[in-house]
Number of protein chains: 2
Amino acid sequence: MPAQLLQSHQLKATKQRRELLLLMQREHRPRTAEQLQTKLKDVSLATVYRMMDDFLQAGLVNRVDLGHGHTHFEYADPKHHHHHLICDDCGRIEDVRVPNETKIVLSVGRKAKFRVRRHALEFFGLCSRCQTA
Amino acid sequence: MPAQLLQSHQLKATKQRRELLLLMQREHRPRTAEQLQTKLKDVSLATVYRMMDDFLQAGLVNRVDLGHGHTHFEYADPKHHHHHLICDDCGRIEDVRVPNETKIVLSVGRKAKFRVRRHALEFFGLCSRCQTA
DNA sequence: TTCTAGTTGAGAAAGATTCTCAATTAGATA
DNA sequence: TATCTAATTGAGAATCTTTCTCAACTAGAA
Ligand SMILES: [Mn+2]
Ligand SMILES: [Mn+2]
Ligand SMILES: [Zn+2]
Ligand SMILES: [Zn+2]
């Protein structure tokens with residue numbers, strides 16, 4: 001599947017790209033370039049970053065800023081669009097869906113005459129466990 | 001005003017902090033540490049970063065990720081909470097308010113039993129000028 | 001099988017942010 | 001007002017993340 005998905009975006013289906021895309025589909029969690037490289041073995045870190053640029057352009061992955069000082073990447077499954085709740089205390093990351101998000105985004109864009117192509121949204125605070133503690 | 005605002009947050013009202021806070025209140029636009037330092041003169045870049053940490057903790061400023069590879073900071077005026085529309089083409093940045101945002105954020109937090117303390121939201125795409133061109 | 005534009009590895013380079021530590025200072029106290 | 005001390009700052013080194021360079025390699029077209 002990764003091979004065809006890559007080619008449908010005009011990307012050569014190299015071994016490295018197929019492996020990275022498959023890995024990200026399996027993980028479906030925000031990961032740093034370094035974390036991904038570790039699980040890939042035999043792929044240069046520079047190549048991970050380069051592939052990530054390609055995937056971002058193709059819309060296959062999203063950039064996620066968890067406020068850790070380095071970028072995280074996550075597979076962009078259009079069927080499971082979501083955002084994140086990030087605990088300031090324990091660092092736990094939960095996925096969350098925002099009701100009526102599509103409508104909200106469309107209305108914001110329409111009002112400003114801005115064609116919204118993508119958006120980034122994260123919530124920071126205290127997860128349920130850390131609130132009680 | 002900056003002096004009292006600082007002290008109300010348990011921050012010593014040093015010359016550097018007063019100047020930086022005043023500058024950010026005037027600019028009310030996302031700025032990098034370096035851009036701010038340039039306008040301050042006689043303040044070390046390390047100090048700008050340190051003050052930014054203090055201000056972030058106090059909730060006086062927000063971190064803004066415009067996707068430029070470095071962090072921007074913006075004065076957090078509670079009376080003018082807003083987000084940004086960032087043009088992929090020309091880089092223009094527009095402020096935008098999201099209707100019923102407070103309600104949406106509260107409902108997301110309630111549903112997940114997560115105490116949301118802050119959130120980051122940016123929209124990327126094409127501004128009105130770049131759509132026609 | 002051949003050809004070539006696109007891709008990759010390895011390490012250097014570039015940038016951004018943090019750290020170290022001696023010198024300075026805000027503001028509490030006498 | 002003068003003194004004292006913990007907090008803050010400047011300068012540059014250090015660290016960390018991301019990008020760049022360029023020679024070697026390969027996907028996929030012919
Ligand atoms: Mn997720
Ligand atoms: Mn703004
Ligand atoms: Zn937590
Ligand atoms: Zn534009």
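So that the names make sense, note that chain A is the first sequence line, chain B the second, and so on, each numbered from 1. Heavy-atom basis, side chains included; hydrogens, waters and symmetry copies ignored.
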Nucleotide of [options] approaching [X] most closely (side-chain heavy atoms):
{"X": "L45(A)", "options": "dT18(D), dT17(C), dT8(C)", "answer": "dT18(D)"}
{"X": "A46(A)", "options": "dG10(D), dA16(C), dC20(D)", "answer": "dC20(D)"}
{"X": "H70(A)", "options": "dT17(D), dC21(C), dT17(C)", "answer": "dT17(D)"}

I need the [atom1]-[atom2] distance between [X] and [N], as an integer number of Å.
{"X": "M51(A)", "N": "dT18(D)", "atom1": "CE", "atom2": "C1'", "answer": "15 Å"}
{"X": "L20(B)", "N": "dT9(D)", "atom1": "CG", "atom2": "C1'", "answer": "14 Å"}
{"X": "E34(A)", "N": "dT17(D)", "atom1": "CD", "atom2": "C1'", "answer": "9 Å"}
{"X": "H68(A)", "N": "dT17(D)", "atom1": "NE2", "atom2": "P", "answer": "12 Å"}
{"X": "R18(B)", "N": "dT9(D)", "atom1": "CZ", "atom2": "P", "answer": "11 Å"}
{"X": "D53(A)", "N": "dT17(D)", "atom1": "CG", "atom2": "P", "answer": "17 Å"}
{"X": "D54(B)", "N": "dT8(D)", "atom1": "CG", "atom2": "C1'", "answer": "9 Å"}
{"X": "H9(B)", "N": "dA26(C)", "atom1": "NE2", "atom2": "C1'", "answer": "19 Å"}

Indicate yes or no: does [X] engage [Y] in a salt bridge with an N to O separation below 4.0 Å.
{"X": "E27(B)", "Y": "K39(B)", "answer": "yes"}
{"X": "E19(A)", "Y": "K15(A)", "answer": "yes"}
{"X": "D65(A)", "Y": "R63(B)", "answer": "no"}

- Query: Hey, are the side chains of R18(A) and L22(A) touching, using non-hydrogen atoms and a 4.5 Å cut-off?
  - Reply: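 In short, these two side chains do not touch, never coming nearer than 4.5 Å.
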- So do F123(A) and I86(A) actually touch side chain to side chain, heavy atoms under 4.5 Å?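 I86(A) does not reach F123(A) side chain to side chain.
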For [X] and [N], is the shortest distance between a side-chain N/O and OP1 or OP2 below 4.0 Å?
{"X": "Q7(A)", "N": "dG28(D)", "value": "yes"}
{"X": "Y49(B)", "N": "dT17(C)", "value": "yes"}
{"X": "T47(A)", "N": "dG9(C)", "value": "yes"}

- How are the rings of H119(B) and H83(B) set relative to one another: parallel (under 30°), tilted (30 to 60°) or perpendicular (over 60°)?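 Ring orientation, 0 to 90° scale: tilted.
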- Query: Short question: side chain of E122(A), backbone of A120(B) - any donor-acceptor pair under 3.5 Å?
  - Reply: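 No, E122(A) side chain to A120(B) backbone: no donor-acceptor pair under 3.5 Å.
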- Item | Whichever of T71(B) and R50(A) has its nearest DNA chain C nucleotide further upstream toward 5' |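 Of the two residues, R50(A) wins.
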- Strand-adjacent residues in residues 10-17 of chain A, judged by heavy atoms under 4.0 Å from DNA chain C: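 The answer is K12(A), T14(A), Q16(A), R17(A).
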